[in-house]
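Hydrogens, waters and symmetry mates are skipped; everything else that's a heavy atom, side chains included, is used.
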Amino acid sequence: MIKLYGHELSGNSYKVRLFLELLNLEYEWIRVDLMKGEHKSPEYLALNPFGQVPLLIDGDTRLADAQAILVYLAGQYGGDRWLALEPLPLARVVRWLSTTAGEIRQGPESARLYHLFGATGIDIDRAYQKAEYILTLLDKHLSDREWLEFDRPTIADIAVFPYVALSGDGKIDLAPYPNVVAWIDRIKQLPGYVPMAGL
């Protein structure tokens, strides 16, 4: 049985849970209470020295980092439907995984951390600037396509989706980005889709 360690308000935990549901895989959800610091406990650090969620355990395989977990699940259980295998298409998907860890983290995710969790050390004006930049880019990119790459959803869409869709938690209005809003709605219509708080 696959085990997924995470927290219900973590967008990164959610994207893995969502993908497990889309793949129709059975798994055990193990809640890690971030508010109580369970992710920094000796027991959890023994499993994941980075002290972060999510963490996936599948038999002898132990993986941290949401994007890495998506790659593993797609390759192990999803075939080439969710992750292209040829070099150039694969690179196009990976670019969005990098964007998730870069511009989206610096923009919508940081704004959400600031407003929803009172995270200190975040320059909220810079987060808003980054959010406007990446949302404008996404809206333009989605102006002539339904999915981020190819004619079907891939893990690129699953990786980018949560923190963009949760922009409202960071007091970012998605109304100026109609193509992004339409893309969010398409993801919500996928068979197996499950919501999280805020969506």
Side-chain angles (χ1 to χ4, degrees), residues 1-85 90 93-94 96-102 104-105 108-110 112-113 116-117 119 147-148 152-167 169-170 184 186-199:
M1 172 75 75
I2 295 172
K3 295 182 179 180
L4 175 61
Y5 292 77
H7 189 275
E8 64 274 9
L9 293 180
S10 161
N12 283 315
S13 297
Y14 167 67
K15 70 180 66 171
V16 175
R17 186 168 66 92
L18 172 61
F19 193 42
L20 285 165
E21 295 284 351
L22 294 175
L23 291 172
N24 197 28
L25 293 174
E26 291 188 15
Y27 63 97
E28 178 185 358
W29 168 261
I30 301 170
R31 185 176 188 266
V32 179
D33 193 335
L34 302 181
M35 309 312 170
K36 291 184 177 178
E38 286 183 1
H39 57 306
K40 302 299 183 184
S41 69
E43 295 80 9
Y44 188 75
L45 289 172
L47 295 173
N48 180 9
F50 281 85
Q52 301 168 338
V53 292
L55 170 71
L56 183 104
I57 297 179
D58 184 13
D60 294 331
T61 299
R62 184 187 304 167
L63 268 179
D65 183 79
Q67 280 60 249
I69 294 170
L70 292 179
V71 170
Y72 168 76
L73 290 173
Q76 187 74 2
Y77 298 105
D80 60 0
R81 177 182 170 204
W82 292 96
L83 179 66
L85 303 179
L90 174 61
V93 170
V94 170
W96 289 108
L97 303 186
S98 297
T99 301
T100 298
I104 290 170
R105 179 172 179 79
E109 182 179 349
S110 289
R112 182 174 183 261
L113 284 170
L116 196 62
F117 299 103
W147 307 105
L148 292 182
R152 66 187 191 279
T154 66
I155 60 169
D157 299 276
I158 305 307
V160 170
F161 169 70
Y163 287 113
V164 169
L166 291 165
S167 289
D169 286 347
I184 289 170
R186 282 192 290 275
I187 290 179
K188 290 181 176 181
Q189 299 305 312
L190 291 174
Y193 171 82
V194 290
M196 71 169 283
L199 292 179

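The CG atom of L199 lies 9.5 Å from the CG atom of L18; values are rounded to the nearest 0.5 Å. Taken from CD1 in I30 to CG in L55, the straight-line distance is 8.5 Å, to the nearest 0.5 Å. We find the CG-CZ distance between L70 and F19 to be 6.5 Å, quoted to the nearest 0.5 Å. A distance of 6.0 Å separates CG of L97 from OG1 of T100, quoted to the nearest 0.5 Å. Here the OH-CD distance, from Y44 to Q52, works out to 8.5 Å after rounding to the nearest 0.5 Å. The distance from atom CG of L34 to atom NZ of K40, rounded to the nearest 0.5 Å, is 9.5 Å.
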Report, one line per pair, each donor and acceptor closer than 3.5 Å where one atom sits in a side chain of residues 71-80; sequence neighbours left out.
{"from": "Y72", "atom 1": "OH", "to": "D58", "atom 2": "OD2", "distance (Å)": "2.7"}
{"from": "Y77", "atom 1": "OH", "to": "D58", "atom 2": "OD1", "distance (Å)": "3.4"}
{"from": "Y77", "atom 1": "OH", "to": "D58", "atom 2": "OD2", "distance (Å)": "2.5"}

Practice problem: Please test M35 against F117 for side-chain contact (heavy atoms from CB on, under 4.5 Å), starting from the C-alpha separation and ending with a verdict. | Solution: CA-CA 10 Å; M35 309 312 170; F117 299 103; 3.4 Å; yes

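Aromatic ring orientation, Y14 versus F161: tilted (interplanar angle from 30° to 60°).
In this structure A156 satisfies the side-chain contact (heavy atoms from CB on, under 4.5 Å) test together with V93, W96, L148, T154, sequence neighbours excluded. Take Q67 and apply the side-chain hydrogen bond (donor to acceptor under 3.5 Å, both in side chains) test, not counting sequence neighbours, and it matches K15. Residues passing the side-chain contact (heavy atoms from CB on, under 4.5 Å) test with E38, sequence neighbours excluded: V32, D33.
Considering only heavy atoms from C-beta on, L83 comes within 4.5 Å of L90 through its side chain. When side chains are defined from C-beta on, P153 counts as touching L190, because their heavy atoms get closer than 4.5 Å. Looking at E28 and L4, their side chains never come closer than 4.5 Å, going by heavy atoms from C-beta outward. Residues I57 and I2 form no side-chain contact, since every pair of their non-hydrogen atoms from C-beta on lies 4.5 Å or further apart.
Legend: ring pair (Phe, Tyr, Trp, His ring centres under 6.0 Å) pairs involving residues 21-42, not counting sequence neighbours: none detected. Applying the salt bridge (Lys or Arg N to Asp or Glu O under 4.0 Å) test to every pair with at least one member in residues 3-14, sequence neighbours left out, gives these pairs: E8-R31.
No more than 12 heavy-atom neighbours from other residues, nucleotides or ligands sit within 6.0 angstrom of CD on E26.
At distances below 3.5 Å, at least one donor-acceptor pair connects side-chain atoms of S13 with backbone N or O atoms of H7. A donor-acceptor pair under 3.5 Å is absent between the side-chain atoms of R62 and the main chain of L56, judged by distance alone. Within the 3.5 Å criterion, the main-chain N or O of G11 finds a donor-acceptor partner in the side chain of Y163.
Summarising the geometry of L45 relative to G51, their closest heavy-atom pair is CD2-CA, 3.6 Å, with the distance given to 0.1 Å. The shortest heavy-atom contact between V53 and S10 is CG2-OG, 4.0 Å.
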